[in-house]
Amino acid sequence: MIDSPDIVAQDAPAQAVPQGAAVADVHTATASRNRHHQRWQELLHLNRDLVAQSNPLLVSGRLTKVTGLVMEAVGLRMAVGSTCWIELPNTRIEAEVVGFAGDRLFLMPENDVQGLVPGARVTPAEPMRAPVAPGQSQLPRRRSSDLARHLPVGEHLLGRVLDGAGRPLDQFGPLLESKSAPLQSRPINPLERAAIKEALDVGVRAINSLLTVGRGQRMGLFAGSGVGKSVLLGMMARYTSADVIVVGLIGERGREVKEFITDILGQEGLRRSVVVAAPADTSPLMRLQGAAYATTIAEYFRDQGKNVLLIMDSLTRYAMAQREIALAIGEPPATKGYPPSVFAKLPQLVERAGNGAEGGGSITAFYTVLTEGDDQQDPIADSARAILDGHIVLSRRLAEQGHYPAIDIEASISRAMNHLVSPQHFLQVQRFKHMYAHYQRNHDLISVGAYVKGSDPLLDQAIQLYPHMEHFLKQGMYESEVYTASMGKFSDLFPNEG
């Protein structure tokens, strides 16, 4: 039987397979198998290294003394800053090594010490590692910061409220993702930081125009109690142009934490925010850890290329927590009861904020500093003023007059402002402050009618312009003012100086 030409023509190509194509297919399959084999070899080598770094034996110590918040343990060799577990009959308590003397370790508990018994077992807690998949790599943890405690970070934290240990305080369930970062990050080379060149819109007219803040700048908010500090922070959190807001509520009253989240921050601000709360009733260790955790979250988003607004309330409570720990382990007090370690800790925390590498993200930070009795020479306030890039002072006198936000323009300054605005605008700001201060110095003379018009031409101009300046500085709690509108309204105060 003879096949039809159609069938022969259809089958012919299948019978004639070029030898070169078959050889190429064999080489491709072999290369694929080699790559697959190499990836599994690399994974096995990596896990072998991780196993080699771990301790095959579970070493434990015992608790010998508890005095106040400080516990002493013997039988362990652990680095300062590492964490451990204190075993109890039905539960266990987490603690951190805060110092040592000879073979005794000084531990600070995360929570209450109720239920501790003499001789309780103490075991070290290694930081958790994320599982390694084929084709991935994981850097070895050799530095002390790598051995510090790791807590959750990631996009899934947006809209959540956490405590200083990364546990959810809201009712939205547990954190499901396993991405984590160390509480003590590696410092950035100062020569690799990008310069502050671009202004950040914070939505507050007086700050945008008279105290312009740049992306990556670190500002202090100096205020006493009851002068509108939390309201001003909430306005900046709601109306800022930053991509992500991280709020650290450190040492505040529990009632204020809920009020700040529900009433001041609101749903609009919370959607793009992460809130870390360590109220006043938590241990000093948790307050320190809460401030470090908020900064770690901000660093994560900065490394993703985002512009972050970090609000920490307050830096003073952070210093007080460190003072409690330092005094408890025997460090001698230096300035007004503050040990030297307090003044060493402040720049370590503040320097973590700022710009990243050129072309990357930024952390613009606002740290509140509580001034006792409105004393601007408090040692913490004085130290913070020296390490920050500017300060905004809230005046009790203005708050008592119903002037909100109660920003004392005369006492406030933004050190990076001259790099962010035009020379003409900077001169107008200086003129504004000069006229405002001149009016305030002569306020009593004007109010009693003792000033004679024409005696001082500058004061005459200040008297005429003062109602407009005062109206410009006031802004409602739910009123937003974008950066361009703020600049335009400020220029309108000096129409003849265009």
Work out which heavy atom in [X] is nearest to a heavy atom in [Y]; give both atom names and the distance.
X    : Y    : value
I311 : A237 : CD1-CB, 4.0 Å
G216 : D389 : O-OD2, 4.4 Å
L88  : I93  : CD1-CD1, 3.8 Å
G203 : Y239 : CA-CB, 3.8 Å
P405 : L232 : CB-CD1, 4.0 Å
R302 : V308 : N-CG2, 3.9 Å

Have [X] and [Y] got a donor and an acceptor in their side chains that come within less than 3.5 Å?
X    : Y    : value
T296 : R352 : yes
S185 : E299 : yes
D378 : T371 : no

Next item on the list: List the steps, then state whether side chain to side chain contact (heavy atoms under 4.5 Å, CB included) holds for L249 with V276.
Entry: CA-CA 6 Å; L249 302 176; V276 178; over 6 Å; no
Item checked: Intermediate values then yes/no, side chain to side chain contact (heavy atoms under 4.5 Å, CB included), T240 and L200 -> CA-CA 8 Å; T240 182; L200 177 72; 4.1 Å; yes
Taking C-beta and beyond as the side chain, do [X] and [Y] meet within less than 4.5 Å on heavy atoms?
X    : Y    : answer
Y367 : L221 : no
M78  : C84  : yes
E72  : L105 : no
Y293 : L183 : yes
M236 : I207 : yes
I196 : R215 : no

Charged N to carboxylate O under 4.0 angstrom, [X] versus [Y]?
X    : Y    : result
R218 : E351 : yes
R287 : E324 : yes
R255 : E259 : yes
E110 : R167 : yes
D170 : R160 : yes
E400 : R397 : no

Would you compute the distance between atom [atom1] of [X] and atom [atom2] of [Y] and round it to the nearest 0.5 angstrom?
X    : Y    : atom1 : atom2 : result
F490 : F432 : CZ    : CZ    : 6.0 Å
Q430 : H425 : CD    : NE2   : 11.0 Å
M71  : L107 : CE    : CG    : 5.0 Å
Y338 : L327 : OH    : CG    : 10.5 Å
L210 : L473 : CG    : CG    : 6.0 Å
S283 : Q289 : OG    : CD    : 8.0 Å

Check: Hey, what's the ring geometry for H391 with F222, parallel, tilted or perpendicular (30° and 60° as the breaks)?
Finding: perpendicular
Please tabulate, for side-chain N and O atoms in residues 407-415, each donor-acceptor pair with protein atoms closer than 3.5 Å (sequence neighbours left out).
unit_1, atom_1, unit_2, atom_2, d
D408, OD1, E410, N, 3.3
S412, OG, V393, N, 2.9
S412, OG, D408, O, 2.7
S414, OG, T212, O, 2.7
S414, OG, Q217, NE2, 3.0
R415, NH1, L388, O, 2.8
R415, NH2, R385, O, 2.9

Margin query: Please determine whether salt bridge (charged side-chain N to carboxylate O under 4.0 Å, His left out) holds for the pair D313 and K229, giving the CA-CA distance in whole Å, both sets of side-chain angles, and the decisive distance to 0.1 Å.
Written below: CA-CA 9 Å; D313 186 15; K229 168 176 53 71; 3.4 Å; yes
Note to self: Taking atom CD as the centre, does Q114 end up with more than 12 heavy-atom neighbours from other residues, nucleotides or ligands that are less than 6.0 angstrom away?
What the structure shows: no
Notebook entry, point to check: What do you reckon, is NE2 of H471 surrounded by more than 12 foreign heavy atoms closer than 6.0 Å?
Noted result: no
Notebook entry, point to check: Can you tell which of I245, L158, L265, T262 makes a side chain to side chain contact (heavy atoms under 4.5 Å, CB included) with L270?
Noted result: L265
Can you give the donor-acceptor pairs under 3.5 Å from side chains of residues 339-350 to other protein atoms, not counting sequence neighbours?
unit_1, atom_1, unit_2, atom_2, d
S341, OG, Q322, NE2, 3.1
S341, OG, E331, OE1, 2.8
S341, OG, E331, OE2, 3.3

Notebook entry, point to check: On the ring face of F472, is R205 found with NZ or CZ under 6.0 Å from the centre and within 45° of the axis?
Noted result: yes
Next item on the list: For F106, enumerate each residue passing the ring pair (Phe, Tyr, Trp, His ring centres under 6.0 Å) test, keeping only those at least two apart in sequence or located in another chain.
Entry: none
Item checked: Step-by-step side chain to side chain contact (heavy atoms under 4.5 Å, CB included) determination, E155 to F301 -> CA-CA 8 Å; E155 301 280 347; F301 286 108; 3.8 Å; yes
Note to self: Working note: E481 + K489, criterion salt bridge (charged side-chain N to carboxylate O under 4.0 Å, His left out); need CA distance, chi angles, decisive distance, verdict.
What the structure shows: CA-CA 10 Å; E481 191 78 67; K489 289 184 178 180; 3.1 Å; yes
